[in-house]
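One-based numbering along the sequence shown.
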Amino acid sequence: MKRKVIFHIDMNSFYASVESANDPSLRGKPLAVAGNEEERRGIVVTCSYEARARGVKATMPVWQAKRLCPNLIIRQPDFTKYRSASLRMFDVLREYTPLVEPVSIDEGFMDMSHYEGDEPLRKATEIQTYLLEHLSLPCSIGIAPNKFLAKMASDMKKPLGITVLRRRDIATKLWPLPLIEMYGIGEKTANKLNKLGLHTIGDLANFDPTLLKKRLGIYGEKLIERANGIDTRSVDPDSVSEFKSVGNSVTLPADTRNVNKIKTVFTNLAHEVGRRLRTKKVCSENIQITIRYHDRKTITRSRKLTSPIQTNDDILEAALFLWNKYWSGEPIRLLGITAIDLVEQSEAYKQLDLFSYKEDEKKWKLSKTVDDIRTKYGQHSLLKGGQLGEQRSEQLRDQKTRGTSLDKDFLN
């Protein structure tokens with residue numbers, strides 16, 4: 001069986017690096033990508049290593065970062081610029097192999113198994129050097145026999161590191177690490193595992209799989225596999241195009257001008273689109289609605305947002321804004337909402353007002369609660385009394401002829 005050689009390319013402090021690449025005067029200086037410095041609002045999205053050395057961290061309020069580092073330079077996010085740099089970076093990677101799988105805007109996997117001997121290590125050095133010299137973008141590269149180990153390896157040396165993690169190195173390099181440093185384990189899961197007496201990746205690797213499966217389900221079993229360096233996933237170049245939008249539409253049982261009915265449909269659509277965004281762990285920077293009139297004339301209208309959204313209320317607000325602006329008043333046959341311009345949840349940026357961020361957190365938690373209730377009791381379980389009876393009767397009539405149209409993506 002041919003050996004597998006997988007690279008994980010992880011760009012170092014990507015947004016800050018792109019800013020420095022576009023403005024060489026920023027190089028070597030403490031730099032943070034954040035927002036609304038003048039109004040003492042916003043959070044640090046990312047920062048240069050010079051800023052990190054002064055204690056500046058991502059998610060830190062700008063005012064606190066400036067207190068730690070008075071000479072900190074602030075740049076507001078420019079996602080168009082970052083996407084352009086990302087596309088150039090991935091173009092470079094594809095020159096070495098067609099098997100490139102983008103994971104997010106600043107990281108991806110490469111299957112380099114066709115290179116033999118020490119060639120993969122030389123190619124890693126070549127890629128790192130090219131990205132730095134030609135795009136002014138530093139990166140760390142992990143080299144391993146599978147995706148999980150490659151990801152762990154790329155985190156072991158930053159910035160500008162190249163780390164090889166072989167199976168025989170797992171016990172000495174991987175197992176001593178604390179659980180919180182294991183890819184796939186967040187703070188909550190780490191706390192649960194700590195309560196079981198597990199504190200390192202090695203503790204997890206040697207724990208009873210049957211017992212952990214009882215506690216965490218199939219996820220627990222998978223974690224033990226990963227801790228033992230087992231990962232059979234292949235590098236899939238097509239995974240990046242699995243979804244470019246998340247949308248749902250519904251054909252109404254009867255053409256209507258009734259404002260309450262229309263708002264009820266939009267509410268249901270917003271909740272379903274929001275649920276799917278959160279399931280896929282992505283946010284949307286652009287909301288689009290579709291209106292099909294009684295004469296089958298169809299229009300689509302979209303609204304570019306100032307920041308990525310994911311909650312039901314934010315999606316509904318954007319959809320209703322478009323509907324109020326563009327509805328002709330004619331009877332409507334079909335309505336749809338689509339979230340486009342998707343970004344990874346971990347990369348999403350929002351200019352949070354420090355005095356209202358708790359409200360944003362409440363909205364997210366409320367949306368999650370709605371997801372759980374609707375998953376358990378059905379899509380119409382949280383509608384108001386009048387809407388409930390109205391929508392249930394329409395739904396029953398609707399399903400006799402069309403099935404579950406709420407589950408269909410009208411742009412796919």
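Checking Leu320, Thr267, Ile291, Leu335 one by one against Ile262, the side chain to side chain contact (heavy atoms under 4.5 Å, CB included) holds for a single residue, Leu335.
Between atom CG of residue Leu269 and atom CD1 of residue Ile289 there is a gap of 10.5 Å, rounded to the nearest 0.5 Å. The structure places CD1 of Ile141 at 7.5 Å from OG1 of Thr125, a figure rounded to the nearest 0.5 Å.
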Which is it for Met60 and Leu68 under the side chain to side chain contact (heavy atoms under 4.5 Å, CB included) test, yes or no, and what are the steps along the way? CA-CA 11 Å; Met60 180 178 285; Leu68 290 169; 3.8 Å; yes
Side chain to side chain contact (heavy atoms under 4.5 Å, CB included) evaluation trace for Arg54 with Leu72: CA-CA 9 Å; Arg54 300 291 298 274; Leu72 184 67; over 6 Å; no
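Counting non-hydrogen atoms of other residues, nucleotides and ligands closer than 6.0 Å to NZ of Lys81 gives a total above 12. Heavy atoms from other residues, nucleotides or ligands lying under 6.0 Å from CZ of Arg83 number more than 12. No more than 12 heavy atoms of other residues, nucleotides or ligands lie within 6.0 Å of NZ in Lys188, so this atom counts as exposed by the packing criterion.
Looking only at atom types and distance, the side chain of Arg226 has no donor-acceptor partner in the side chain of Asn146 under 3.5 Å away. In this structure, a donor-acceptor pair under 3.5 Å is present between the side chains of Arg27 and Ser136.
Relative ring orientation between Tyr82 and Phe79 is described as perpendicular, the plane-to-plane angle rising above 60° on a 0-90° scale split at 30° and 60°.
Counting all heavy atoms, side chain and backbone alike, Ala318 lies closest to Leu305 at CB-CD2, 4.2 Å. Across all non-hydrogen atoms, the minimal contact from Thr290 to Thr300 is OG1-CG2, 3.4 Å.
Look at Glu330 and Lys297 and you find no salt bridge, because none of the NZ, NE, NH1 or NH2 atoms lies under 4.0 Å from a carboxylate O. Ion pairing between a basic and an acidic side chain is recognised when a charged N comes within 4.0 Å of a carboxylate O; Asp91 and Arg94 show such pairing.
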